[in-house]
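In the text below, chain A, chain B and the rest are named by the order of the sequence lines, each starting its count at 1.
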There are 2 protein chains.
Amino acid sequence: MKLNDGPQTGSRVTSRGNSKASQKPKPSAGERRLGDFLCFAIYSANLAFGRAYKKGLDELGLTYPQWIAIVALWEQDGQTVSELGQKMFLESNTLTPILKKLEQMGYLRRQRDPADERQVRISLTEAGRRLREKGMHMNLMASTGLKPDEFARLQQNVVALRDNLIKATAEKAK
Amino acid sequence: MKLNDGPQTGSRVTSRGNSKASQKPKPSAGERRLGDFLCFAIYSANLAFGRAYKKGLDELGLTYPQWIAIVALWEQDGQTVSELGQKMFLESNTLTPILKKLEQMGYLRRQRDPADERQVRISLTEAGRRLREKGMHMNLMASTGLKPDEFARLQQNVVALRDNLIKATAEKAK
DNA sequence: TCCGATTAGATCGTACACGATGTATATAGA
DNA sequence: TCTATATACATCGTGTACGATCTAATCGGA
(Lines give C-alpha, C1' and ligand atoms only; values in the text may rest on other atoms or scores of the structure.)
Protein backbone atom coordinates (compact mmCIF):
# COMPACT_ATOMS: atom_id res chain seq x y z
CA MET A 1 0.00 0.00 0.00
CA LYS A 2 2.84 2.36 0.50
CA LEU A 3 4.37 3.53 -2.75
CA ASN A 4 8.05 4.05 -2.19
CA ASP A 5 8.29 7.74 -2.82
CA GLY A 6 5.66 7.48 -5.50
CA PRO A 7 3.17 10.29 -5.85
CA GLN A 8 0.64 10.31 -3.06
CA THR A 9 -2.45 8.36 -3.82
CA GLY A 10 -4.30 10.62 -1.47
CA SER A 11 -4.88 13.78 -3.47
CA ARG A 12 -6.57 12.28 -6.42
CA VAL A 13 -7.66 14.63 -9.10
CA THR A 14 -7.50 12.71 -12.34
CA SER A 15 -5.77 15.07 -14.62
CA ARG A 16 -7.40 14.07 -17.85
CA GLY A 17 -10.96 15.00 -18.43
CA ASN A 18 -11.52 17.41 -15.61
CA SER A 19 -8.60 19.81 -15.82
CA LYS A 20 -7.62 22.27 -18.48
CA ALA A 21 -4.24 20.57 -18.49
CA SER A 22 -5.37 18.04 -21.04
CA GLN A 23 -6.91 20.40 -23.52
CA LYS A 24 -3.99 20.63 -25.93
CA PRO A 25 -4.04 17.39 -27.90
CA LYS A 26 -3.14 18.68 -31.35
CA PRO A 27 -0.10 20.84 -32.10
CA SER A 28 -1.37 23.90 -33.87
CA ALA A 29 -0.21 24.65 -37.40
CA GLY A 30 3.56 24.93 -37.46
CA GLU A 31 4.30 23.25 -34.13
CA ARG A 32 6.63 20.31 -34.50
CA ARG A 33 5.81 17.00 -32.94
CA LEU A 34 8.45 14.81 -31.41
CA GLY A 35 8.44 12.54 -34.43
CA ASP A 36 9.49 15.44 -36.65
CA PHE A 37 12.66 16.24 -34.75
CA LEU A 38 15.76 15.03 -36.54
CA CYS A 39 17.62 15.19 -33.26
CA PHE A 40 15.13 12.81 -31.70
CA ALA A 41 15.40 10.44 -34.65
CA ILE A 42 19.16 10.35 -34.13
CA TYR A 43 18.82 10.03 -30.38
CA SER A 44 16.41 7.12 -30.58
CA ALA A 45 18.33 5.45 -33.41
CA ASN A 46 21.39 5.60 -31.19
CA LEU A 47 19.50 3.86 -28.40
CA ALA A 48 18.30 1.26 -30.91
CA PHE A 49 21.84 0.62 -32.12
CA GLY A 50 23.03 0.18 -28.58
CA ARG A 51 20.36 -2.44 -27.98
CA ALA A 52 21.03 -4.17 -31.28
CA TYR A 53 24.73 -4.44 -30.48
CA LYS A 54 24.15 -5.53 -26.92
CA LYS A 55 24.16 -9.26 -27.55
CA GLY A 56 27.35 -9.27 -29.59
CA LEU A 57 29.11 -6.95 -27.16
CA ASP A 58 28.12 -9.08 -24.21
CA GLU A 59 29.91 -11.99 -25.85
CA LEU A 60 33.01 -9.84 -25.98
CA GLY A 61 32.45 -8.57 -22.46
CA LEU A 62 32.60 -4.98 -23.68
CA THR A 63 30.38 -1.93 -23.68
CA TYR A 64 29.79 0.05 -26.83
CA PRO A 65 32.26 2.89 -26.14
CA GLN A 66 34.86 0.34 -25.08
CA TRP A 67 34.41 -1.45 -28.37
CA ILE A 68 34.72 1.81 -30.33
CA ALA A 69 37.97 2.52 -28.54
CA ILE A 70 39.36 -0.91 -29.42
CA VAL A 71 38.42 -0.42 -33.06
CA ALA A 72 39.98 3.04 -33.17
CA LEU A 73 43.18 1.80 -31.56
CA TRP A 74 43.41 -1.17 -33.86
CA GLU A 75 43.41 1.22 -36.79
CA GLN A 76 46.31 3.14 -35.36
CA ASP A 77 48.33 2.19 -32.37
CA GLY A 78 50.18 4.44 -29.97
CA GLN A 79 47.70 7.30 -30.16
CA THR A 80 47.55 9.84 -27.36
CA VAL A 81 44.40 10.28 -25.32
CA SER A 82 43.49 13.46 -27.15
CA GLU A 83 44.16 11.97 -30.58
CA LEU A 84 41.88 9.09 -29.74
CA GLY A 85 39.43 11.61 -28.34
CA GLN A 86 39.34 13.45 -31.65
CA LYS A 87 38.39 10.27 -33.45
CA MET A 88 35.77 9.31 -30.90
CA PHE A 89 34.50 12.86 -30.28
CA LEU A 90 35.21 12.50 -26.58
CA GLU A 91 37.50 14.20 -24.11
CA SER A 92 39.73 12.91 -21.38
CA ASN A 93 37.06 13.20 -18.71
CA THR A 94 35.06 10.53 -20.51
CA LEU A 95 37.89 8.66 -22.14
CA THR A 96 40.22 8.17 -19.19
CA PRO A 97 37.86 5.93 -17.21
CA ILE A 98 37.10 3.86 -20.31
CA LEU A 99 40.79 3.41 -21.06
CA LYS A 100 41.61 2.54 -17.47
CA LYS A 101 38.94 -0.12 -17.53
CA LEU A 102 40.29 -1.59 -20.76
CA GLU A 103 43.80 -1.50 -19.36
CA GLN A 104 42.64 -3.29 -16.26
CA MET A 105 40.99 -5.89 -18.48
CA GLY A 106 44.32 -6.39 -20.20
CA TYR A 107 43.38 -5.13 -23.64
CA LEU A 108 45.65 -2.10 -23.79
CA ARG A 109 48.59 -0.32 -22.19
CA ARG A 110 48.78 3.33 -21.18
CA GLN A 111 52.18 4.89 -20.83
CA ARG A 112 53.46 8.42 -20.54
CA ASP A 113 55.36 9.59 -23.59
CA PRO A 114 59.00 10.04 -22.49
CA ALA A 115 59.35 12.89 -24.97
CA ASP A 116 56.43 14.74 -23.37
CA GLU A 117 55.36 13.40 -20.03
CA ARG A 118 52.03 15.18 -20.26
CA GLN A 119 50.90 12.84 -22.97
CA VAL A 120 49.74 9.27 -22.54
CA ARG A 121 50.27 6.84 -25.41
CA ILE A 122 47.83 4.00 -25.75
CA SER A 123 48.60 0.70 -27.42
CA LEU A 124 46.62 -2.49 -27.80
CA THR A 125 47.96 -5.63 -26.22
CA GLU A 126 47.96 -8.94 -28.02
CA ALA A 127 44.72 -9.76 -26.20
CA GLY A 128 43.29 -6.48 -27.40
CA ARG A 129 44.08 -7.29 -31.01
CA ARG A 130 42.60 -10.75 -30.64
CA LEU A 131 39.44 -9.16 -29.26
CA ARG A 132 39.22 -6.89 -32.28
CA GLU A 133 39.46 -9.93 -34.55
CA LYS A 134 36.89 -11.77 -32.52
CA GLY A 135 34.44 -8.91 -32.90
CA MET A 136 35.07 -8.60 -36.61
CA HIS A 137 31.97 -10.61 -37.43
CA MET A 138 29.57 -8.24 -35.71
CA ASN A 139 27.68 -6.83 -38.62
CA LEU A 140 24.25 -5.33 -38.30
CA MET A 141 23.86 -4.55 -41.97
CA ALA A 142 20.96 -6.98 -42.20
CA SER A 143 19.30 -5.54 -39.11
CA THR A 144 19.30 -2.06 -40.60
CA GLY A 145 17.10 -3.27 -43.42
CA LEU A 146 19.23 -1.28 -45.83
CA LYS A 147 20.84 -2.32 -49.06
CA PRO A 148 24.58 -1.72 -49.22
CA ASP A 149 24.30 1.41 -51.33
CA GLU A 150 21.55 2.84 -49.11
CA PHE A 151 23.62 1.99 -46.08
CA ALA A 152 26.63 3.84 -47.46
CA ARG A 153 24.59 6.85 -48.51
CA LEU A 154 22.83 7.17 -45.16
CA GLN A 155 26.15 6.80 -43.40
CA GLN A 156 27.61 9.65 -45.42
CA ASN A 157 24.58 11.84 -44.86
CA VAL A 158 24.76 11.34 -41.11
CA VAL A 159 28.48 12.06 -41.08
CA ALA A 160 27.88 15.26 -43.04
CA LEU A 161 25.14 16.22 -40.61
CA ARG A 162 27.42 15.61 -37.65
CA ASP A 163 30.24 17.64 -39.12
CA ASN A 164 27.91 20.51 -39.97
CA LEU A 165 26.57 20.54 -36.43
CA ILE A 166 30.06 20.59 -35.00
CA LYS A 167 31.13 23.42 -37.26
CA ALA A 168 28.02 25.46 -36.55
CA THR A 169 28.36 24.93 -32.80
CA ALA A 170 32.00 25.94 -32.83
CA GLU A 171 31.23 29.07 -34.81
CA LYS A 172 28.44 30.18 -32.52
CA ALA A 173 30.74 29.67 -29.56
CA LYS A 174 33.03 32.39 -30.84
CA MET B 1 56.01 14.38 -10.32
CA LYS B 2 53.41 12.03 -9.05
CA LEU B 3 50.69 11.32 -11.56
CA ASN B 4 47.55 10.58 -9.66
CA ASP B 5 47.05 7.00 -10.64
CA GLY B 6 48.42 7.63 -14.08
CA PRO B 7 50.49 4.95 -15.76
CA GLN B 8 53.90 4.59 -14.24
CA THR B 9 56.51 6.70 -15.91
CA GLY B 10 59.09 4.17 -14.89
CA SER B 11 58.68 1.32 -17.33
CA ARG B 12 59.11 3.20 -20.52
CA VAL B 13 58.98 1.26 -23.70
CA THR B 14 57.65 3.59 -26.35
CA SER B 15 55.14 1.48 -28.10
CA ARG B 16 55.42 2.96 -31.55
CA GLY B 17 58.46 2.17 -33.61
CA ASN B 18 59.94 -0.60 -31.60
CA SER B 19 57.10 -3.02 -31.06
CA LYS B 20 55.08 -5.04 -33.48
CA ALA B 21 52.06 -3.46 -31.89
CA SER B 22 52.21 -0.53 -34.26
CA GLN B 23 52.58 -2.49 -37.47
CA LYS B 24 48.93 -2.55 -38.42
CA PRO B 25 48.23 0.88 -39.87
CA LYS B 26 45.97 -0.08 -42.75
CA PRO B 27 42.93 -2.33 -42.35
CA SER B 28 43.37 -5.18 -44.78
CA ALA B 29 40.91 -5.60 -47.61
CA GLY B 30 37.42 -5.94 -46.18
CA GLU B 31 38.12 -4.60 -42.68
CA ARG B 32 35.91 -1.69 -41.79
CA ARG B 33 37.37 1.43 -40.31
CA LEU B 34 35.61 3.37 -37.61
CA GLY B 35 34.50 5.98 -40.12
CA ASP B 36 32.59 3.33 -42.07
CA PHE B 37 30.40 2.25 -39.19
CA LEU B 38 26.88 3.56 -39.49
CA CYS B 39 26.43 2.99 -35.78
CA PHE B 40 29.38 5.23 -35.05
CA ALA B 41 28.04 7.92 -37.36
CA ILE B 42 24.78 7.85 -35.43
CA TYR B 43 26.57 7.73 -32.08
CA SER B 44 28.77 10.70 -32.86
CA ALA B 45 25.94 12.65 -34.51
CA ASN B 46 23.99 12.17 -31.31
CA LEU B 47 26.84 13.61 -29.30
CA ALA B 48 27.04 16.51 -31.75
CA PHE B 49 23.33 17.21 -31.41
CA GLY B 50 23.63 17.22 -27.66
CA ARG B 51 26.38 19.80 -27.85
CA ALA B 52 24.53 21.89 -30.40
CA TYR B 53 21.43 21.97 -28.20
CA LYS B 54 23.40 22.65 -25.05
CA LYS B 55 23.23 26.44 -25.16
CA GLY B 56 19.50 26.59 -25.81
CA LEU B 57 18.75 23.98 -23.18
CA ASP B 58 20.88 25.77 -20.61
CA GLU B 59 18.66 28.80 -21.06
CA LEU B 60 15.69 26.61 -20.22
CA GLY B 61 17.56 24.94 -17.38
CA LEU B 62 16.86 21.51 -18.85
CA THR B 63 18.83 18.54 -20.09
CA TYR B 64 18.09 16.97 -23.43
CA PRO B 65 16.01 14.01 -22.18
CA GLN B 66 14.10 16.35 -19.87
CA TRP B 67 13.26 18.53 -22.86
CA ILE B 68 12.14 15.52 -24.90
CA ALA B 69 9.83 14.52 -22.08
CA ILE B 70 8.30 18.00 -21.94
CA VAL B 71 7.73 17.96 -25.71
CA ALA B 72 6.16 14.51 -25.59
CA LEU B 73 3.88 15.47 -22.73
CA TRP B 74 2.85 18.69 -24.40
CA GLU B 75 1.65 16.66 -27.35
CA GLN B 76 -0.51 14.52 -25.14
CA ASP B 77 -1.18 15.07 -21.51
CA GLY B 78 -2.02 12.52 -18.86
CA GLN B 79 0.13 9.76 -20.33
CA THR B 80 1.27 6.90 -18.15
CA VAL B 81 4.98 6.29 -17.58
CA SER B 82 5.01 3.36 -19.98
CA GLU B 83 3.11 5.25 -22.68
CA LEU B 84 5.62 8.06 -22.45
CA GLY B 85 8.34 5.46 -22.43
CA GLN B 86 7.09 4.01 -25.70
CA LYS B 87 7.35 7.41 -27.33
CA MET B 88 10.77 8.12 -25.91
CA PHE B 89 12.09 4.55 -26.25
CA LEU B 90 12.90 4.45 -22.55
CA GLU B 91 11.70 2.39 -19.62
CA SER B 92 10.73 3.30 -16.10
CA ASN B 93 14.20 2.75 -14.72
CA THR B 94 15.44 5.66 -16.84
CA LEU B 95 12.25 7.65 -17.00
CA THR B 96 11.28 7.74 -13.34
CA PRO B 97 14.28 9.78 -12.18
CA ILE B 98 13.81 12.22 -15.08
CA LEU B 99 10.14 12.67 -14.27
CA LYS B 100 10.81 13.09 -10.57
CA LYS B 101 13.31 15.80 -11.34
CA LEU B 102 10.85 17.61 -13.60
CA GLU B 103 8.15 17.28 -10.96
CA GLN B 104 10.49 18.70 -8.37
CA MET B 105 11.21 21.60 -10.73
CA GLY B 106 7.48 22.22 -10.92
CA TYR B 107 6.97 21.39 -14.59
CA LEU B 108 4.75 18.36 -14.20
CA ARG B 109 2.63 16.34 -11.81
CA ARG B 110 2.73 12.59 -11.23
CA GLN B 111 -0.30 10.91 -9.80
CA ARG B 112 -1.46 7.34 -9.48
CA ASP B 113 -4.44 6.51 -11.65
CA PRO B 114 -7.37 5.84 -9.31
CA ALA B 115 -8.75 3.30 -11.78
CA ASP B 116 -5.49 1.34 -11.69
CA GLU B 117 -3.18 2.27 -8.89
CA ARG B 118 -0.24 0.62 -10.58
CA GLN B 119 -0.16 3.30 -13.23
CA VAL B 120 1.15 6.82 -12.85
CA ARG B 121 -0.36 9.56 -14.96
CA ILE B 122 1.82 12.50 -15.87
CA SER B 123 0.55 15.94 -16.70
CA LEU B 124 2.31 19.20 -17.44
CA THR B 125 1.76 22.10 -15.10
CA GLU B 126 1.14 25.61 -16.34
CA ALA B 127 4.87 26.27 -15.86
CA GLY B 128 5.63 23.19 -17.92
CA ARG B 129 3.53 24.41 -20.81
CA ARG B 130 5.11 27.86 -20.61
CA LEU B 131 8.50 26.19 -20.79
CA ARG B 132 7.46 24.30 -23.91
CA GLU B 133 6.43 27.57 -25.53
CA LYS B 134 9.64 29.22 -24.46
CA GLY B 135 11.68 26.47 -26.11
CA MET B 136 9.64 26.61 -29.29
CA HIS B 137 12.22 28.77 -31.02
CA MET B 138 15.04 26.25 -30.65
CA ASN B 139 15.62 25.24 -34.19
CA LEU B 140 18.86 23.79 -35.42
CA MET B 141 17.78 23.46 -39.03
CA ALA B 142 20.42 25.97 -40.08
CA SER B 143 23.12 24.21 -38.07
CA THR B 144 22.44 20.94 -39.83
CA GLY B 145 23.41 22.51 -43.13
CA LEU B 146 20.47 20.77 -44.74
CA LYS B 147 17.75 22.14 -46.96
CA PRO B 148 14.22 21.47 -45.70
CA ASP B 149 13.60 18.61 -48.09
CA GLU B 150 16.96 17.00 -47.33
CA PHE B 151 16.24 17.45 -43.63
CA ALA B 152 12.89 15.69 -43.95
CA ARG B 153 14.30 12.88 -46.05
CA LEU B 154 17.19 12.20 -43.71
CA GLN B 155 14.84 12.29 -40.76
CA GLN B 156 12.63 9.67 -42.38
CA ASN B 157 15.58 7.49 -43.30
CA VAL B 158 16.89 7.55 -39.74
CA VAL B 159 13.46 6.74 -38.36
CA ALA B 160 13.18 3.80 -40.75
CA LEU B 161 16.64 2.64 -39.71
CA ARG B 162 15.68 2.84 -36.05
CA ASP B 163 12.47 0.93 -36.55
CA ASN B 164 14.22 -1.76 -38.56
CA LEU B 165 16.82 -2.17 -35.86
CA ILE B 166 14.17 -2.47 -33.19
CA LYS B 167 12.26 -5.04 -35.18
CA ALA B 168 15.35 -7.09 -35.98
CA THR B 169 16.50 -6.99 -32.36
CA ALA B 170 13.11 -8.09 -31.09
CA GLU B 171 13.00 -10.96 -33.57
CA LYS B 172 16.42 -12.25 -32.69
CA ALA B 173 15.48 -12.15 -29.01
CA LYS B 174 12.80 -14.75 -29.62
C1' DT C 1 -13.03 -16.55 -3.78
C1' DC C 2 -8.47 -17.40 -3.31
C1' DC C 3 -3.82 -17.69 -4.80
C1' DG C 4 -0.28 -17.86 -8.44
C1' DA C 5 1.08 -15.15 -12.34
C1' DT C 6 1.35 -10.82 -14.60
C1' DT C 7 1.85 -5.89 -14.89
C1' DA C 8 3.45 -1.02 -13.71
C1' DG C 9 6.69 1.55 -11.48
C1' DA C 10 10.54 2.19 -8.57
C1' DT C 11 15.20 1.12 -6.87
C1' DC C 12 20.00 -0.20 -7.26
C1' DG C 13 24.58 -0.87 -9.32
C1' DT C 14 27.50 0.04 -13.27
C1' DA C 15 29.01 2.71 -17.02
C1' DC C 16 29.01 6.48 -19.96
C1' DA C 17 28.82 12.05 -21.14
C1' DC C 18 30.28 16.35 -19.70
C1' DG C 19 31.14 20.91 -17.22
C1' DA C 20 34.20 22.46 -13.80
C1' DT C 21 38.28 21.99 -11.59
C1' DG C 22 42.90 20.08 -10.24
C1' DT C 23 47.81 18.71 -11.17
C1' DA C 24 51.98 17.94 -13.55
C1' DT C 25 54.64 19.11 -17.51
C1' DA C 26 56.09 22.06 -21.20
C1' DT C 27 56.76 26.52 -23.37
C1' DA C 28 57.53 31.43 -23.93
C1' DG C 29 58.72 35.87 -22.87
C1' DA C 30 61.04 39.35 -20.02
C1' DT D 1 66.84 31.70 -16.06
C1' DC D 2 62.75 32.50 -13.89
C1' DT D 3 58.11 32.70 -13.92
C1' DA D 4 53.43 33.20 -16.20
C1' DT D 5 50.80 30.78 -19.26
C1' DA D 6 49.34 26.98 -21.88
C1' DT D 7 48.73 22.06 -22.54
C1' DA D 8 47.49 17.11 -21.45
C1' DC D 9 45.37 14.32 -18.68
C1' DA D 10 42.81 13.12 -14.40
C1' DT D 11 39.16 13.83 -10.94
C1' DC D 12 34.61 15.02 -9.32
C1' DG D 13 29.61 15.83 -9.35
C1' DT D 14 25.33 15.41 -11.92
C1' DG D 15 22.42 13.22 -15.06
C1' DT D 16 21.21 9.80 -18.12
C1' DA D 17 20.94 4.42 -19.96
C1' DC D 18 20.07 -0.10 -18.63
C1' DG D 19 20.05 -4.94 -16.60
C1' DA D 20 18.47 -6.96 -12.45
C1' DT D 21 15.53 -6.94 -8.82
C1' DC D 22 11.80 -5.32 -5.72
C1' DT D 23 6.98 -3.98 -4.36
C1' DA D 24 2.26 -3.17 -4.92
C1' DA D 25 -1.78 -3.74 -7.62
C1' DT D 26 -4.40 -6.41 -10.82
C1' DC D 27 -5.85 -10.46 -13.28
C1' DG D 28 -7.07 -15.32 -14.11
C1' DG D 29 -8.17 -19.87 -13.40
C1' DA D 30 -9.55 -23.69 -10.42
Participant: B:Arg118 side chain: which of D:dT11, D:dA25, C:dT11 is closest?
Facilitator: D:dA25

Participant: Begin with the C-alpha distance, continue with both residues' side-chain angles, and end with the deciding distance and a verdict on side chain to side chain donor-acceptor pair (under 3.5 Å) for B:Arg162 and A:Ser44.
Facilitator: CA-CA 7 Å; B:Arg162 177 195 69 200; A:Ser44 52; 2.8 Å; yes

Participant: So B:Tyr43 and A:Tyr64, would you call those rings parallel, tilted or perpendicular, with 30° and 60° as cut-offs?
Facilitator: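 Answer is perpendicular, since the angle exceeds 60°.
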
Participant: Assign B:Glu91 to base, sugar-phosphate, or nothing according to its heavy-atom contacts below 4.0 angstrom with the strands shown.
Facilitator: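 Since no nucleic acid heavy atom lies under 4.0 Å of B:Glu91, the category is nothing.
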
Participant: Identify, between B:Asp116 and B:Tyr43, the residue whose nearest nucleotide on DNA chain C lies closer to the 5' end.
Facilitator: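 In this pair, the answer is B:Asp116.
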
Participant: Dot-bracket, 5' to 3', for DNA chain D please: Watson-Crick or G-U pairs under 3.5 Å, [ ] where pairs cross earlier ones, | where the partner sits on another strand, dots elsewhere.
Facilitator: ||||||||||||||||||||||||||||||

Participant: Can you list the steps and then say if A:Glu117 with A:Arg112 is a salt bridge (Lys or Arg N to Asp or Glu O under 4.0 Å)?
Facilitator: CA-CA 5 Å; A:Glu117 293 270 356; A:Arg112 293 278 165 188; 5.4 Å; no

Participant: D:dA10 base to A:Ser92 side chain: any donor-acceptor pair below 3.5 Å?
Facilitator: yes

Participant: Got a salt bridge between A:Asp58 and A:Lys54, using NZ or NE/NH1/NH2 to carboxylate O under 4.0 Å?
Facilitator: yes

Participant: Given C:dG9, C:dC18, D:dG15, which nucleotide is nearest the side-chain atoms of B:Thr63?
Facilitator: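 The answer is D:dG15.
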
Participant: Scan B:Ser82 against the nucleic acid and name what it touches under 4.0 Å (heavy atoms): base, sugar-phosphate only, or nothing.
Facilitator: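 Since only primed, P, OP1 and OP2 atoms lie under 4.0 Å of B:Ser82, the category is sugar-phosphate.
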
Participant: As a test of reading the structure: which of D:dA10, C:dA10, C:dT11 is closest to the side chain of A:Lys100, going by heavy atoms?
Facilitator: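 Out of D:dA10, C:dA10, C:dT11, the nucleotide with an atom closest to A:Lys100's side chain is D:dA10.
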
Participant: Which part of the nucleic acid does B:Leu95 contact within heavy-atom distance under 4.0 Å: base, sugar-phosphate only, or nothing?
Facilitator: nothing

Participant: Go nucleotide by nucleotide along DNA chain D from the 5' end; which of A:Thr80 and A:Gly50 gets its closest nucleotide reached first?
Facilitator: A:Thr80

Participant: Classify the side chain of A:Asn93 and the base of C:dG19 as holding, or not holding, a donor-acceptor pair under 3.5 Å.
Facilitator: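 Checked by distance alone, the answer is yes.
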
